[in-house]
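Since the model is a prediction, treat every value here as computed from it, not as a measurement.
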Amino acid sequence: MSERVKEQKNSPETAASQKAPKDTANPTANPVAAAKAEAALPALGVVGMLRWAWTQLTSMRTALFLLLLLAVAAVPGSLFPQRPANPSIVTQYIKDNGDYGKVLDALQLYDVYSSAWFSAIYILLFISLIGCVVPRAIAHYKAMRSQPPRTPKRLSRLPEYGTLVVPADAGIPASRAVKDAAGLLKKRGYRVEVRDDDGAQPSLGAERGFLKEVGNLVFHTSLIGVLVSVAAGGLFGYSGQRILVEGDTFVNTLVGYDQFTPGTNFQSSQLQPYSVRLDKFRATFDRESEGKKGQPIDFRADVTTKESPDAPEQQEVLKVNDPLTLGGTSLYLTGNGYAPLVTIRDGQGNVAFQGPVVARLQGDHYYSSVVIKVPDAKPDQLGFAGFFLPTAMVSNEGVSFSGDPELFNPRLSLNSYFGDLGLNDGAPQNVFELDVEKLTPLNARNLDAGGITLEPGTSYTLPDGKGSVSFDGVKRYIGVDIHHNPGQLYALIFALLAVGGLVTSLYVNRRRVWVRAGIHEDGRTMVEYALLARGEDHRLAAEAKAIRELLVEEWGLDSAEAKASQDSQSVPSGQADNVGAERSAHAEATEAAEATAATKVPAADVNQSTAGSTEHTKDQ
């Protein structure tokens with residue numbers, strides 16, 4: 001037969017047919033080419049295009065890319081001033097940068113987190129995660145309800161494989177051996193199914209580690225929950241600031257805020273009408289340490305709160321990192337300082353201004369700047385700018401400074417101006433700044449009248465009959481931040497769930513175990529078992545060893561003899577490829593296992609690892 005084939009290969013007709021060129025122009029001579037020429041790709045169509053786009057969007061690769069893109073898109077929010085945080089800074093930034101600032105404004109880089117392009121990435125990521133999680137959740141639910149996979153015909157192909165021999169006098173038939181193995185595996189958390197328990201070769205399939213995929217799904221679902229919570233906070237939340245001087249009361253209404261930043265879908269009806277009154281503020285400073293003398297140790301604000309106008313008053317304490325919770329909002333103590341009490345009379349002798357003036361911190365030991373605007377003064381509007389020193393001291397160069405944060409020697413130094421303050425134009429102004437370009441100075445160090453220096457209980461008469469100013473005393477004030485974020489608690493819960501799901505998916509392994517038993521001709525019960533992991537599992541060998549030890553203990557086998565048999569016959573495939581003698585032993589063991597599988601009777605007491613072999617790769 002081989003000679004005939006060889007002669008046919010060497011015949012002239014065969015050689016001519018092999019050397020003859022293919023006639024692609026003649027369809028009858030080359031039907032494959034003719035079929036390719038006539039074939040036409042079907043049109044994708046609108047539905048097909050949408051299906052393709054949905055498949056690409058809901059892939060895990062796209063979700064990871066969008067998550068990275070969202071992180072990159074948030075970077076401009078820390079590089080450029082944001083309008084919701086401080087609109088005045090954004091306005092000044094645009095003025096200082098000219099056309100460049102206007103281009104950034106057109107690109108919405110001053111409103112990054114509410115911009116169209118950031119919202120688009122956010123929404124796409126949201127849809128992508130949902131498209132990833134829902135199909136995987138359905139598939140995992142079906143997998144949990146399904147039975148473990150059928151017992152492979154050749155268990156020796158699996159990464160961890162071993163056999164055990166139960167003596168005939170032990171009285172353990174094959175069906176009982178499988179049932180005993182099923183009981184042990186159930187105790188180890190496996191879901192077990194016994195098959196053909198009344199037959200000659202009963203077996204079982206066991207599986208565990210479904211929590212791995214559950215943890216993975218919880219992680220991705222929690223990411224969706226975090227996105228929804230953050231979005232809810234941005235849509236329905238709000239924040240604001242208010243400065244409270246001792247004795248002042250804050251009522252949670254729009255007019256009660258010094259600065260207010262609403263969410264996208266904020267409604268004024270969300271504001272709960274609670275009130276907070278600052279009764280007393282106390283600051284504790286270090287008086288013992290030489291290097292840190294005068295440094296603040298503790299701040300304490302005693303306040304009186306009311307949940308509603310008709311509710312009883314409650315005495316509360318507001319401290320740093322210890323906020324108050326009222327009406328669904330959190331109140332944080334963020335700053336404090338001094339507020340000198342000032343009375344200003346105009347040129348007609350009338351009181352044009354009277355009350356505390358918030359001094360803005362500028363340096364060490366509560367060195368603070370002071371700005372007073374008096375638009376009601378007659379005949380000219382008055383303005384004052386200067387500084388307040390809790391403990392006034394003068395250096396050798398004649399420069400005034402504060403030597404201590406306590407009120408040991410309070411002093412108020414001011415320059416006075418008159419003219420149009422520009423408040424009637426309707427343009428917003430910073431209350432802590434005074435534009436003196438259009439004002440005429442009355443008092444200053446470089447003028448003959450000199451500056452104004454006041455101590456508590458003193459007054460000063462302005463030049464040219466413009467009025468007078470008196471320093472009546474000092475109070476303390478605090479800065480309060482008010483935040484309402486309806487999604488904050490849910491974001492924390494979902495973040496914790498995400499961490500828990502991630503840890504579960506990393507440390508739980510998906511494993512499958514099969515056990516098959518049979519009766520040898522001499523009456524011994526032959527048992528073989530094998531393990532397979534889904535993905536990488538470096539603890540699979542330890543699991544196989546633990547199962548073997550449980551079976552040996554259950555059936556009262558000689559553990560020393562079983563271990564000696566295991567050590568003498570177990571040959572890892574990675575070593576078998578390098579050592580000739582070990583390769584022969586491995587081949588013999590494999591042939592014995594395959595022969596056993598072919599006759600459906602285990603033939604040896606062996607526990608071998610075939611991880612990395614060609615059979616294992618093909619089986620996976």
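Proximity of Val226 to Tyr490: side-chain heavy atoms (C-beta onward) are nowhere separated by under 4.5 Å. In this structure, Trp117 and Leu109 have side chains that are in contact, with non-hydrogen atoms separated by less than 4.5 Å. Leu70 places none of its side-chain heavy atoms less than 4.5 Å from the side chain of Val72. Arg191 places a side-chain heavy atom less than 4.5 Å from the side chain of Pro148. Counting heavy atoms from C-beta outward, Trp555 and Leu164 have side chains that approach closer than 4.5 Å. Looking only at side-chain heavy atoms (C-beta outward), Ser239 and Thr261 come within less than 4.5 Å of each other. Looking only at side-chain heavy atoms (C-beta outward), Val480 and Thr334 stay at 4.5 Å or farther from each other.
Taking every heavy atom of both residues into account, Pro202 and Val178 meet most closely at O-CG2, 3.5 Å. Heavy-atom minimum distance, Leu326 versus Tyr274: O-CE2, 3.4 Å.
Taking 4.0 Å as the cut-off between side-chain N and carboxylate O, Glu193 and Arg195 count as a salt-bridged pair. Ion pairing between a basic and an acidic side chain is recognised when a charged N comes within 4.0 Å of a carboxylate O; Arg534 and Glu207 show no such pairing. Remark: Lys319 engages Asp298 in a salt bridge, criterion side-chain N to carboxylate O under 4.0 Å.
In Gln56, the CD atom is crowded: over 12 heavy atoms of neighbouring residues, nucleotides or ligands sit closer than 6.0 Å. Counting heavy atoms of neighbouring residues, nucleotides and ligands inside a 6.0 Å radius, atom CE of Met49 does not exceed 12 of them.
Taking the six-membered ring where the residue is Trp, His140 and Phe210 present tilted rings, their angle falling between 30° and 60°.
Defined by atom type and a distance below 3.5 Å, a donor-acceptor pair is missing between the side-chain atoms of Gln270 and Tyr238. Counting only N and O atoms by type, the side chains of Tyr190 and Arg511 include no donor and acceptor under 3.5 Å apart.
Rounding to the nearest 0.5 Å places CG of Asp180 at 7.0 Å from CG of Leu184. Here the straight-line distance linking atom OG1 of Thr62 with atom CG of Leu129 works out to 11.0 Å at 0.5 Å rounding.
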